[in-house]
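Notes for the one structure printed next.
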Amino acid sequence: MQIKVKLENGKEAVYPQGTTCMDLYREKTAGNKELLAVLIDGEECDLNAPLPENSEIAFVDFDSLQGARVYRHTASHILAHAVKRLYPGVKLGIGPAIENGFYYDFEFEDPISSDDLKTIEKEMKKIIKEKLPIRRREMSREEAEQLFRERGEPYKLELISELPEGEIISCYEQGDFIDLCTGPHLPHTGKVKAFKLTGLAGAYWRGDERNPMLQRIYGTAFPDKDRLNEYLNMLEEARKRDHRKLGRELELFSLHEEAPGFPFLHNNGAIVWQELTDYWRQEHRQAGYEEIKTPLILNRSLWEQSGHWDHFRENMYFTRIDEQDYAVKPMNCPGAILVFRSKMHSYRDLPRRIAEMGIVHRHELSGTLHGLLRVRSFTQDDAHIFMLPSQVENEVGEVIDLMDRFYSVFGFNYRVELSTKPEKAMGTQEMWDKATSILERVLDSRSIDYKLNEGDGAFYGPKIDFHLEDCLGRSWQCGTIQLDFQMPEKFDLTYVGEDGDRHRPAVIHRVIYGSMERLLALLIEHYGGAFPVWMAPVQVSVIPVTDRTHDYARKVYEQLKEASFRVALDDRNEKVGYKIREAQVKKIPYMLIVGDKEEESGQVAVRRRDQGDLGAENLPVFIEKLKTEINEKSI
RNA sequence: GCCGACGUAGCUCAAUGGAAGAGCAGCUGAUUUGUAAUCAGCAGGCUGGGGGUUCGAGUCCCUUCGUCGGCUCCA
């Protein structure tokens, strides 16, 4: 009997019955030592598996998603093995490969501290040196249960008990270590060449806060030292762009013990904010939005009516006025609804798009606060669109277009998610299904790629979320479009239709920036603090060379101010190099150096922060160019 | 909220349980400077707060607040 398989070059090959992937792997690695994993019909597969008839076989190295995953998954087993050797009483959780690395969760008898990671790394190096072969073992449920019972692994037993009936239970074994695992893995522990344990953190068993908290060890692994160091350096570089660091250095904002989670914007940050909101207003007026302002504090009865009292109370702040309960608004919707409800509407008035830069307060858990990215008070660029049910699809589509226009101005890449009905939800299943399918349809009709986020919707409706990334690649939700058939019911909103009867409108809640604070943070990191000219707190610094040219410099400065640029005059008693350095450090886009030569010719020497000296230019020419750059919002 | 770590001058960081320091920033003066740091001097502190151990605490212990990395949650 012969086995026929297709190789990656498209050629067919024939092997004797019983040939394993390992046999082919040996053959291949003779020519390419980098190969890590075998794919059978695109799926990672154990090396000891026999070649299936008519399958497509491919080998991948670390630069493929699958190769890296297998490599790092093996690193996580080496971690668990080392921990087991050092702390025999430890109980194993799970240990998958993740983006850029891997982790393993443990329950230690006595909690370890980050100092212990060095010892664990040493032990891991030993295991790597031992080049222990890694073997797959398949067993029955009973065998597996007995094995992990003997080894005192309650978490593994829990996992086994939840495996579907009839599933093949596989374990991977290296030396005296064995782990429940679907695999596959590298052939032996010596294959892991460079790794580092990068962190220690708490993590609830199976991600549920009702479960015990385990200790999670994070690490990363690469095929060689250079690539590992390259990655670690990249992280180091990313930290220099951290908005908390730049926010302080560039005097954009500050945070204080006296107000945890409530950021203070300084003048520079406020200027960026202003530019963002100016642009936002301009776009929204054009897109047919009105703008309102509603109070921060509203009576309890309103929150009871809206459902927030039942569904959001633990995140809200309360106060008492004249012996009545009030709440600080955690969302802007009830305010917008009161505005909408203050007059009668004809179907001809709809859609009505009501926007508000609304400040909301939410009591977030203290451990989740994070610079401007996760705060307890933030400004949402909110809008509520009240419309006929027949207008929903079109309106959702227009919001998506608007969203894309904004994000491309900043040069952001974004990821889309669709979130469905959560456990704690208002309304009937029917309403949810209807709302969810509308959102699906709009996304599909625009061929937008999205991830389904089961059970992650708002309590009143499903939503489409837009995620942006920070400098370390962590993703943050910014824009969101939430479809709501609940609030109109709760508040008995109506419009008069063509038929003269009252009908129920639908509502979209949507934000584009999401929160101004979060957006500001992401912009700081995205640009590394070097804002495009239109947003830059100071756009031009005029730098006289000596005090002979102070008068001329002042004239230049006045003219730029007259042209309404944000301009600074650096007439301090310092050398030119010093002033340039300082302007560079402050990331000011343009420096105009004026000395005797420039005064004589009536010009300015232009220097751009990212291009250096651009030579002399007539001031009116510079002013025109700058105006264009600002109007076009060039990045 | 939970797990772990960390809080020293505005910032970045030193200081065996034994006299709280440096660089940058700030201020004063000198220097008149040509594309990323001129020189000198001065000032700057209840070592996050509270309690304890000790002859003696920045250092050890407890507690509280804050911050950082995660988990959970979310814009």
Side-chain angles (χ1 to χ4, degrees), chain A residues 103 105 108 111-117 198-218 239 242 244-245 248-249 251 254-261 312 314-315 330-331 360 362-382 419 456 458 463 465-468 472 474 476-480 482 509 511-519 521-522 543-550 572-585 591-598 605-609 612-615:
Chain A
Y103 68 78
D105 288 345
F108 288 91
I112 61 161
S113 88
S114 30
D115 298 337
D116 299 315
L117 295 183
T198 50
L200 177 67
Y204 299 107
W205 167 238
R206 315 196 82 174
D208 190 328
E209 62 182 334
R210 289 165 298 196
N211 286 339
M213 180 160 274
L214 309 181
Q215 284 193 293
R216 174 172 298 177
I217 299 176
Y218 283 93
R239 275 186 203 109
D242 191 310
R244 292 165 296 192
K245 180 176 152 67
R248 190 174 46 236
E249 288 171 359
E251 295 181 65
S254 59
L255 288 157
H256 303 272
E257 246 183 79
E258 291 83 350
F312 212 71
E314 64 274 24
N315 282 306
M331 293 188 193
V360 296
R362 297 183 188 173
H363 182 254
E364 302 293 348
L365 295 177
S366 59
T368 66
L369 301 180
H370 184 105
L372 292 184
L373 283 167
R374 190 70 191 277
V375 292
R376 283 178 170 160
S377 163
F378 55 100
T379 305
Q380 291 185 309
D381 64 316
D382 218 341
S419 298
D456 225 18
K463 55 177 188 163
D465 292 329
F466 294 74
H467 290 251
L468 304 177
L472 289 172
R474 292 177 292 210
W476 296 88
Q477 187 186 317
C478 288
T480 179
Q482 312 182 339
H509 310 240
V511 289
I512 289 179
Y513 290 155
S515 108
M516 293 297 296
E517 289 77 2
R518 180 172 288 182
L519 177 78
L522 290 170
I543 300 176
V545 177
T546 72
D547 46 18
R548 282 194 304 282
T549 48
H550 275 188
R572 290 175 304 171
N573 177 10
E574 293 291 350
K575 292 167 86 167
V576 182
Y578 180 87
K579 297 191 211 177
I580 286 174
R581 182 187 141 77
E582 199 156 283
Q584 286 286 151
V585 169
M591 287 151 255
L592 299 183
I593 289 86
V594 290
D596 296 332
K597 280 184 290 186
E598 286 73 24
V606 180
R607 181 190 166 96
R608 238 193 101 104
R609 71 177 164 212
D613 191 355
L614 299 177

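Within every chain, numbering begins at 1; the chains are lettered A, B, ... in the order of the sequence lines, protein sequences first and strands thereafter.
Nucleotides B:rC11 and B:rG26 place their C1' atoms 12 Å apart, quoted to the nearest Å. Separating the C1' atom of B:rG10 from that of B:rU47 is a span of 16 Å, rounded to the nearest Å. Distance check on atom P: B:rU67 versus B:rG48 gives 16 Å, rounded to whole Å. Nucleotides B:rC60 and B:rU8, compared at atom P, are 15 Å apart to the nearest Å. When the P atom is used for both B:rU64 and B:rC24, the distance is 41 Å, rounded to whole Å. Comparing the C1' positions of B:rA57 and B:rC46 gives an interatomic distance of 14 Å, to the nearest angstrom. Only the C1' atoms considered, B:rA75 is 39 Å distant from B:rA36, to the nearest whole Å. Distance noted for atom P between B:rU59 and B:rG7: 11 Å (whole Å).
Using a 4.0 Å heavy-atom cutoff across all strands shown, A:Val576 reaches sugar-phosphate atoms only and no base atom. Residue A:Glu517 is out of contact with every strand shown, counting any heavy-atom pair closer than 4.0 Å. Among the atoms of the strands shown, only primed sugar atoms or phosphate atoms (P, OP1, OP2) are found under 4.0 Å from some heavy atom of A:Glu209. Counting non-hydrogen atoms under 4.0 angstrom, A:Ala605 reaches a base of the nucleic acid. In this structure, A:Lys597 reaches the bases: a heavy-atom distance under 4.0 Å links it to at least one base atom across the strands shown. Across all strands, A:Val360 comes closer than 4.0 Å to no nucleic acid atom at all (heavy-atom distances).
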Review point. Could you run down nucleotides 62-70 of chain B 5' to 3' and tag each one B, S or - for protein heavy-atom contact under 4.0 Å?
Key: ---SSSSBB
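Counting all heavy atoms, side chain and backbone alike, A:Asp465 lies closest to A:Gln477 at OD1-NE2, 3.1 Å. In plain terms, the two heavy atoms of A:Pro260 and A:Glu258 that are nearest each other are CD-C, 3.7 Å. Taking both residues in full, the closest heavy atoms of A:Arg376 and A:Leu365 are given as NH2-C, 3.8 Å, listed atom of the first, atom of the second, then distance. Across A:Gly261 and A:Val375, no two heavy atoms sit closer than the pair O-CB, 3.2 Å.
When the nucleotides B:rU35, B:rC74, B:rA25 are ranked by their closest atom to the side chain of A:Asp456, B:rC74 comes out on top. Closest approach to the A:Ser113 side chain among B:rA5, B:rG34, B:rU72 is made by B:rA5 (side chain taken as heavy atoms from C-beta onward). Looking at the side chain of A:Ser114, the nearest of the listed nucleotides B:rA5, B:rC73, B:rU38 is B:rA5. Closest to the side chain of A:Arg518, out of B:rA37, B:rA75, B:rU35, is B:rA75. Side chain of A:Leu365, nearest nucleotide from B:rU72, B:rA75, B:rG34: B:rU72.
The residue from A:Asp613, A:Val585, A:Ile543 that alone fulfils the side-chain contact (heavy atoms from CB on, under 4.5 Å) condition with A:Ile580 is A:Ile543. Just one residue in the list A:Arg572, A:Arg609, A:Lys575 forms a salt bridge (charged side-chain N to carboxylate O under 4.0 Å, His left out) with A:Glu582, and that residue is A:Arg572. Partner of A:Arg518 under the side-chain contact (heavy atoms from CB on, under 4.5 Å) criterion, out of A:Leu373, A:Thr379, A:Leu372: A:Leu373 alone.
Contact between the side-chain N/O atoms of A:Tyr103 and the OP1/OP2 oxygens of B:rC3 is not found at any separation under 4.0 Å. Contact annotation: A:Gln477 side-chain N/O to B:rA75 OP1/OP2 distance is under 4.0 Å. The side chain of A:Arg248 contributes an N or O atom lying less than 4.0 Å from OP1 or OP2 of B:rU12.
Partner assigned to B:rG10 is B:rC24, using Watson-Crick or G-U wobble distances below 3.5 angstrom. Pair check for B:rA57 finds none; no Watson-Crick or G-U wobble contact set falls under 3.5 Å. Base pairing of B:rC39: its partner is B:rG29, meeting the Watson-Crick or G-U wobble criterion (both donor-acceptor distances under 3.5 Å).
Rounded to whole Å, the distance from NE2 on A:His509 to C1' on B:rC74 is 16 Å. The distance between atom NZ of A:Lys463 and atom P of B:rC74, rounded to the nearest whole Å, is 7 Å. Taking atom CE on A:Met591 and atom C1' on B:rU35, their separation rounds to 9 Å, with Å as the unit. Distance, A:Ile112 CD1 to B:rG4 P: 11 Å, rounded to whole Å. Whole-Å rounding puts the A:Tyr578 OH to B:rG34 P distance at 16 Å. At whole-Å resolution of the value, CD in A:Glu258 and P in B:rG49 are 13 Å apart. Going from atom CZ of A:Arg548 over to atom P of B:rU32 covers 10 Å, rounded to whole Å. Note: NE2 (A:His363) to P (B:rA75) measures 17 Å, nearest angstrom.
Of the charged side-chain nitrogens involved, none lies within less than 4.0 Å of a carboxylate oxygen, so that A:Asp208 and A:Arg206 do not count as a salt-bridged pair.
No aromatic stack links A:Trp476 and the base of B:rA75, using centre distance under 5.5 Å and interplanar angle under 30°.
With hydrogens and angles ignored, a donor-acceptor pair closer than 3.5 Å exists between the side chain of A:Glu598 and the base of B:rG34.
Taking the side chain to side chain donor-acceptor pair (under 3.5 Å) definition, one finds that A:Arg362 meets it with nothing, sequence neighbours left out.
Nucleotides of RNA chain B nearest to A:Leu214 and A:Arg206 differ in position, and the one nearer the 5' end is that of A:Leu214. Of the two residues near RNA chain B, A:Arg607 and A:Val511, the one whose nearest nucleotide lies more 5' is A:Arg607.
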Practice item. Give the intermediate values and the outcome of side-chain contact (heavy atoms from CB on, under 4.5 Å) for residues A:Val545 and A:Ile593. Key: CA-CA 7 Å; A:Val545 177; A:Ile593 289 86; 3.7 Å; yes
